There are 2 protein chains.
Amino acid sequence: MDNFDRQILSILQRDASVPLKELAEAVNLSTTPCWKRVKKLEDEGYIRGKVVLLDPVRLGLGLSVFVQLKTQHHDNAWLEHFAETVVRFEEVVEFYRMSGEWDYMLRVVVSDIAAYDRFYKKLITSTEGLSNITSSFSMEQIKYTTALPLPR
Amino acid sequence: MDNFDRQILSILQRDASVPLKELAEAVNLSTTPCWKRVKKLEDEGYIRGKVVLLDPVRLGLGLSVFVQLKTQHHDNAWLEHFAETVVRFEEVVEFYRMSGEWDYMLRVVVSDIAAYDRFYKKLITSTEGLSNITSSFSMEQIKYTTALPLPR
DNA sequence: AGTGAAAGAATCACTTA
DNA sequence: TAAGTGATTCTTTCACT
């Protein structure tokens, strides 16, 4: 992981549609060595995949809801079962196990409050052992990026 | 936005490295009409871009911190200035204006608690008018996807 | 790490339903 | 208005230096 690699990752995580030739020029390599580095970064797991990002608002999915959850169960078996259930819901785009007051946090993407309510009912009927839930509604997504802060 | 388009988006938002020929086969079109649809979806703003997703843990960026903020200022000028400042920080990968108790929420990606503390100091010295801040630490990212729940 | 050739994909003009 | 065919152009990939 040298400087070349970091530059390559930095460009590709912002725009993966640049042709290899341009990418190579940008980092001052010729195509083949640059290509070999990209392949290596894929093989070594730095690059997890290439995807297209969609516009949630354009698709009528402009509402993000953050759901914070508490449970009494703190054993691994319960967590595994719970995680499996929650992960299956397509509306759940992010899911974290937290320290502090709340045990879990989700980000749920839906079209509107009515759709969120449907999701909420689905969630509480399909999981057990939750002692507390709170939902916080986002009014506006001011920033959303998949680009990680790479050390330069 | 018909069924073809939805299928195309559904595939590309999970894997944008599939060749057009395969994509076309998967949705039962030949390459050109399929290609035209992809271009149209880009032009019309459904597709915001193509990116490579990196593995945060592999890069030593395994800590997500959720930062909730309150302010006294509820005018547009203050928000704009505040948003501009916060958006500039690369560590901030998500930034929402919220309803309810907290006015804003951030997701911040850092390497460890020490790095978060550096970010925290940077944040509070570069913004003004914040009346309350709380940080919640994620122990584990159980799910993270950029794929939106498209209606089928 | 680089060159140049071969293989493979994307793009386009044009045709057809 | 939308889909298909085939030719052209551009990109990626690879053997070799």
Side-chain angles (χ1 to χ4, degrees), chain A residues 1-61 111 144-152, chain B residues 1-61 145-152:
Chain A
M1 250 305 234
D2 61 9
N3 238 1
F4 283 118
D5 289 337
R6 270 186 289 274
Q7 279 188 83
I8 289 170
L9 292 180
S10 166
I11 293 171
L12 290 182
Q13 76 170 340
R14 284 182 179 81
D15 183 7
S17 66
V18 297
L20 202 62
K21 200 191 152 199
E22 262 180 61
L23 178 66
E25 273 165 22
V27 303
N28 279 306
L29 282 172
S30 53
T31 58
T32 301
C34 184
W35 176 76
K36 280 180 184 159
R37 279 168 183 273
V38 173
K39 290 295 142 192
K40 198 160 165 253
L41 290 165
E42 285 170 355
D43 288 347
E44 290 177 353
Y46 292 101
I47 294 175
R48 291 202 313 184
K50 195 195 287 187
V51 299
V52 137
L53 299 177
L54 305 185
D55 185 327
V57 174
R58 197 79 175 81
L59 289 159
L61 293 166
S111 54
Y144 175 81
T145 181
T146 55
L148 301 176
L150 302 179
R152 79 244 29 266
Chain B
M1 252 306 235
D2 60 11
N3 237 5
F4 284 119
D5 288 336
R6 269 187 289 275
Q7 280 188 82
I8 289 170
L9 292 180
S10 167
I11 293 171
L12 291 182
Q13 75 170 341
R14 286 184 177 81
D15 183 5
S17 66
V18 297
L20 200 62
K21 200 189 150 199
E22 261 179 60
L23 178 66
E25 273 165 22
V27 303
N28 280 306
L29 281 173
S30 53
T31 58
T32 301
C34 183
W35 176 76
K36 279 179 185 160
R37 277 168 183 274
V38 174
K39 290 296 141 191
K40 198 160 166 251
L41 290 164
E42 285 169 357
D43 288 347
E44 290 177 353
Y46 292 101
I47 293 175
R48 290 203 315 185
K50 195 196 286 188
V51 300
V52 136
L53 298 178
L54 305 184
D55 186 327
V57 174
R58 197 79 176 80
L59 289 158
L61 293 166
T145 181
T146 55
L148 300 177
L150 301 179
R152 78 243 32 268

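Sequence lines set the chain letters: A, B, ... in the order given, protein chains first and strands last, and positions in each chain run from 1. None of the values given here were measured: they were computed from a predicted structure.
Rounded to whole Å, atom P of D:dG4 lies 12 Å from atom CD of B:E25. C:dA9 atom C1' lies 14 Å from atom CG of A:L20, rounded to whole Å. Rounded to a whole Å, the CG atom of B:L29 is 17 Å from the C1' atom of C:dT11. Atom P of nucleotide D:dA2 and atom CE of B:M1 are separated by 15 Å, given to the nearest angstrom. Atom CG in B:N28 sits roughly 12 Å away from atom P in D:dA3 (whole-Å rounding). Nucleotide C:dA13 holds its P atom 10 Å from the NZ atom of B:K36, rounded to whole Å. Atom NZ of A:K50 and atom P of D:dT11 are 13 Å apart (whole Å). Going from atom NZ of A:K40 over to atom C1' of C:dA1 covers 14 Å, rounded to whole Å.
With distances taken from any side-chain atom of A:P33 to the nucleotides D:dA3, C:dT11, C:dG2, the minimum falls on C:dG2. The side chain of A:S30 lies closest to C:dT3, out of D:dG4, C:dT11, C:dT3. Here D:dT12 is the nucleotide among C:dA1, D:dT12, C:dT11 with the atom lying nearest to any side-chain atom of A:W35. Checked against C:dG2, D:dT12, C:dA10, the side chain of A:P19 finds its nearest nucleotide in D:dT12. Considering only the side chain of A:T31, D:dT13 comes nearest among D:dA3, C:dA1, D:dT13.
Of the inter-residue distances, the one linking B:I47 atom CD1 with B:L41 atom CG reads 5.0 Å to the nearest 0.5 angstrom. Atom CG of A:L53 and atom CG of B:L12 lie 11.5 Å apart (nearest 0.5 Å).
Note on A:K39: only backbone sugar-phosphate atoms sit closer than 4.0 angstrom, heavy atoms only; bases stay farther off.
One N or O on the side chain of B:D2 and one on the backbone of B:D5 form a donor-acceptor pair closer than 3.5 Å.
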Query - Chi angles and distances behind the salt bridge (charged side-chain N to carboxylate O under 4.0 Å, His left out) call for A:R48, B:D55 - result: CA-CA 6 Å; A:R48 291 202 313 184; B:D55 186 327; 5.3 Å; no

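Summary of the strand contacts: A:T32 and A:E22 both lie near DNA chain D, and taking for each the nucleotide with the nearest heavy atom, the more 5' one is attributed to A:E22.
Within the 4.5 Å cutoff, the side chain of B:T146 has heavy atoms near those of the A:Y144 side chain.
For B:R37 and D:dA3, the shortest distance from a side-chain N or O to OP1 or OP2 is below 4.0 Å.
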